[in-house]
S.K.: 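I'd like to ask you about the structure that follows.
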Amino acid sequence: MNGIVLIIDDEKKICSLLSRIIELEGFKTLQANTGKEGLKLLKTNDVNLVISDVKLPDVNGVALVKDIKAIKPFVEIINLTAYGTIADGVLAIKNGAFDYLVKGDDNDKIIPLLYKAMEKSNLEQRVFDLENKITRKHSFTTIIGTSKALKEAIELAKRVSKTDTTVLLLGETGTGKEVFAQSIHYESPRAMKPFVALNCSGFSPELLESELFGYKAGAFTGANKDKKGLLEEANGGTLFLDEIGEMNLDLQAKLLRVLENQSFIKVGDTLTQQVNVRILAATNKDLKSDASTGKFRSDLYYRLSVFSITLPPLRERKGDILPLAEYYLKEFSDKVNRKGLKFDDKILALLTEHSWKGNIRELKNIIERLVILSDGETLNTSALPPEFYEFSPLENDYNLQQIEKQHIQKVLVHTKGNKTETSRLLGIGLTTLYRKIEEYQIKEI
């Protein structure tokens with residue numbers, strides 16, 4: 001079946017004729033003789049397209065377009081009339097109709113038009129479903145954890161998400177500040193508009209300005225054409241500025257202008273541009289202290305921190321460690337098609353007691369490594385990197401050199417003796433790897 005078409009016409013013969021023609025094309029049809037009957041069928045069926053007469057006993061078919069769109073926005077409507085007027089045609093399209101046809105004159109256009117309208121309806125539905133899927137993926141319900149500190153942070157973020165207020169997210173590296181920023185955006189009225197993220201520590205001051213504001217052709221060597229900045233890309237949506245504490249003072253002044261009046265000037269331009277952007281920012285620095293010493297503009301700090309949320313480090317959320325570990329275990333085991341993987345009791349104890357200096361990001365990396373390097377269905381301590389034990393309260397229970405040796409051997413087996421790949425996985429230089437192979441007398445694979 002190609003879809004469902006609802007025909008609304010008070011002339012039963014017209015309804016039957018259109019129904020036979022349309023069903024020959026593989027569509028299912030429903031028939032109604034009044035606007036009220038049509039709306040009732042619309043609510044109880046997965047209608048894709050409505051063909052409605054303009055002159056109905058209880059309502060004008062042009063006005064009915066608005067009612068249909070209010071119930072199901074992705075249903076397309078074709079208005080038919082015996083006596084067409086330009087005014088009615090214009091109003092029909094303005095109300096959201098796909099097209100407006102005069103009966104008799106356009107019989108040969110009905111079927112081609114039906115296919116075009118159906119294609120548009122299906123496309124809009126797919127886009128809507130995709131946007132909803134993205135929204136669900138980044139909603140607050142996907143944030144894993146039940147600790148009091150995390151719940152408090154989520155509650156604050158939920159409250160502010162419905163507004164356009166600037167938010168400053170505070171916390172150590174790896175605590176999930178970008179995840180929170182995405183959730184705030186996707187549960188805000190701007191959810192269907194762009195979410196654009198920029199890490200301020202990843203660019204030189206000059207390049208950061210160009211990325212943020214864009215530039216005019218000829219602004220500098222190599223600027224051959226105009227370039228949109230991320231502020232323009234995020235117009236109508238949200239711009240997330242990560243590591244805001246790394247932004248230099250001159251650029252901070254320009255950002256302050258954006259926050260105050262939603263305007264900016266491109267690099268190399270003289271014209272002011274307006275945008276409609278919500279700013280979310282994040283930092284692992286003590287911006288209040290930096291503002292007091294002049295390292296960060298105090299006026300920008302107070303403008304950014306209208307609403308601040310501090311995310312707790314993982315070591316203060318011990319009850320959330322194992323649920324997070326299980327989540328990442330499933331994610332990475334699915335990626336490499338290794339179903340049924342589980343942790344042994346010893347590694348679960350180590351994960352719980354670890355200090356997690358790198359927070360959730362460190363945990364995620366550790367689990368990925370375990371999945372790649374562990375043999376069998378049970379993940380154990382043999383695949384943990386040596387540096388994992390440096391901050392572990394249980395480190396005295398282990399011989400670190402022996403652990404390091406075993407780990408290098410494990411990775412070498414995994415890479416089938418490829419030392420370049422082994423050094424990459426271990427995160428050490430190739431020279432260091434050769435030295436340790438010799439030091440530990442590791443046999444060549």
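These figures come from a predicted structure and were not determined experimentally.
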S.K.: Could you please spell out the steps behind the side chain to side chain contact (heavy atoms under 4.5 Å, CB included) verdict for Asp99 and Lys116?
M.R.: CA-CA 10 Å; Asp99 212 333; Lys116 287 179 182 177; over 6 Å; no
S.K.: Hey, could you give me the OG/CG distance between Ser374 and Leu370, rounded to the nearest 0.5 Å?
M.R.: 5.0 Å
S.K.: Just so I know, are the side chains of Asn276 and Asn235 near enough to count as touching, which here means a heavy-atom distance under 4.5 Å?
M.R.: yes
S.K.: So, Thr352 side chain and Leu348 main chain: donor-acceptor pair closer than 3.5 Å or not?
M.R.: yes
S.K.: Side chains of Ser263 and Thr272: any donor to acceptor distance under 3.5 Å?
M.R.: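 Checked: Thr272/Ser263 side chains show no N/O donor-acceptor pair below 3.5 Å.
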S.K.: Answer yes when Lys69 and Glu76 have at least one side-chain N-carboxylate O distance shorter than 4.0 Å, and no when they do not.
M.R.: yes
S.K.: Using the side-chain hydrogen bond (donor to acceptor under 3.5 Å, both in side chains) rule, take Asp320 and Ser147 through it: C-alpha gap first, then chi angles, then the decisive distance, then the call.
M.R.: CA-CA 7 Å; Asp320 296 339; Ser147 64; 3.0 Å; yes
S.K.: Check whether more than 12 heavy atoms from other residues, nucleotides or ligands sit under 6.0 Å from atom CG of Asp46, and answer yes or no.
M.R.: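 Counting neighbours around CG of Asp46, 12 or fewer heavy atoms of other residues, nucleotides or ligands fall under 6.0 Å, so no.
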S.K.: Quick check against the 3.5 Å criterion: does Ser305 have a side-chain atom that pairs as donor or acceptor with the backbone of Ser308?
M.R.: no
S.K.: What residue among Thr422, Thr415, Asp375 forms side-chain hydrogen bond (donor to acceptor under 3.5 Å, both in side chains) with Lys410?
M.R.: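 When Thr422, Thr415, Asp375 are each tested with Lys410, the side-chain hydrogen bond (donor to acceptor under 3.5 Å, both in side chains) holds only for Asp375.
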S.K.: Roughly how far, to the nearest 0.5 Å, is NZ of Lys364 from CZ of Phe332?
M.R.: 5.0 Å
S.K.: Apply side chain to side chain contact (heavy atoms under 4.5 Å, CB included) to Glu377 and list each qualifying residue two or more places apart in sequence or on a separate chain.
M.R.: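 Scan of Glu377 (side chain to side chain contact (heavy atoms under 4.5 Å, CB included), adjacent residues dropped) gives none.
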S.K.: Listing request: all ring pair (Phe, Tyr, Trp, His ring centres under 6.0 Å) pairs with a residue in residues 188-246, at least two apart in sequence or in separate chains.
M.R.: His185-Phe195, Phe213-Phe264, Tyr215-Phe220
S.K.: Check whether more than 12 heavy atoms from other residues, nucleotides or ligands sit under 6.0 Å from atom CD of Gln274, and answer yes or no.
M.R.: yes
S.K.: Within the side chain of Ser121, is there an N or O that forms a donor-acceptor pair under 3.5 Å with the backbone of Phe74?
M.R.: yes
S.K.: So, are Glu246 and Lys285 salt-bridged, with charged N and O less than 4.0 Å apart?
M.R.: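 A salt bridge links Glu246 with Lys285.
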S.K.: Could you point out which residue of Arg317, Arg361, Arg315 forms a salt bridge (Lys or Arg N to Asp or Glu O under 4.0 Å) with Glu172?
M.R.: Arg315
S.K.: Check whether any side-chain heavy atom of Asn380 sits under 4.5 Å from a side-chain heavy atom of Ile347, and report yes or no.
M.R.: no
S.K.: Go through Thr173 and Asn284 one step at a time and tell me if the side-chain hydrogen bond (donor to acceptor under 3.5 Å, both in side chains) criterion holds.
M.R.: CA-CA 6 Å; Thr173 298; Asn284 58 9; 2.7 Å; yes
S.K.: Do NZ/NE/NH1/NH2 and the carboxylate oxygens of Asp269 and Lys266 come within less than 4.0 Å?
M.R.: no
S.K.: Charged N to carboxylate O below 4.0 Å: is that the case for Arg297 and Asp299?
M.R.: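 Salt bridge between Arg297 and Asp299, a charged N being under 4.0 Å from a carboxylate O: yes.
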S.K.: Counting neighbours of NZ on Lys318 that are heavy atoms of other residues, nucleotides or ligands and sit closer than 6.0 Å, is the number greater than 12?
M.R.: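 Atom NZ in Lys318 is crowded, with more than 12 foreign heavy atoms closer than 6.0 Å.
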S.K.: Please list, chain by chain and in numerical order, all residues satisfying side chain to side chain contact (heavy atoms under 4.5 Å, CB included) with Lys40, sequence neighbours excluded.
M.R.: none
S.K.: List in chain and number order the residues that pass side chain to side chain contact (heavy atoms under 4.5 Å, CB included) with Leu156, two or more places apart in sequence or in another chain; answer none if no residue qualifies.
M.R.: Phe307, Ile309
S.K.: For Tyr302, check ring pair (Phe, Tyr, Trp, His ring centres under 6.0 Å) against everything at least two apart and list the hits.
M.R.: none
S.K.: Taking side chain to side chain contact (heavy atoms under 4.5 Å, CB included) as the test, write out the residues that go with Ile71, two or more places apart.
M.R.: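 So Ile71 forms a side chain to side chain contact (heavy atoms under 4.5 Å, CB included) with Leu39, Leu42, Lys43.
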S.K.: Find out whether Ile111 and Phe27 are in side-chain contact, i.e. whether some heavy atom of one side chain is under 4.5 Å from a heavy atom of the other.
M.R.: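 In short, these two side chains do not touch, never coming nearer than 4.5 Å.
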S.K.: With rounding to the nearest 0.5 angstrom, report the CG to OH distance, Leu287 to Tyr301.
M.R.: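 Reported to 0.5 Å precision, the distance equals 7.0 Å.
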S.K.: Is any NZ, NE, NH1 or NH2 atom of the basic residue among Arg159 and Glu155 found under 4.0 Å from an Asp or Glu carboxylate oxygen of the other?
M.R.: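 Yes, Arg159 and Glu155 are salt-bridged.
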S.K.: Does a salt bridge link Arg257 with Glu260, judged by any charged N lying under 4.0 Å from a carboxylate O?
M.R.: no
S.K.: If you round to the nearest 0.5 Å, how far is CG of Asn48 from CD of Glu119?
M.R.: 13.0 Å
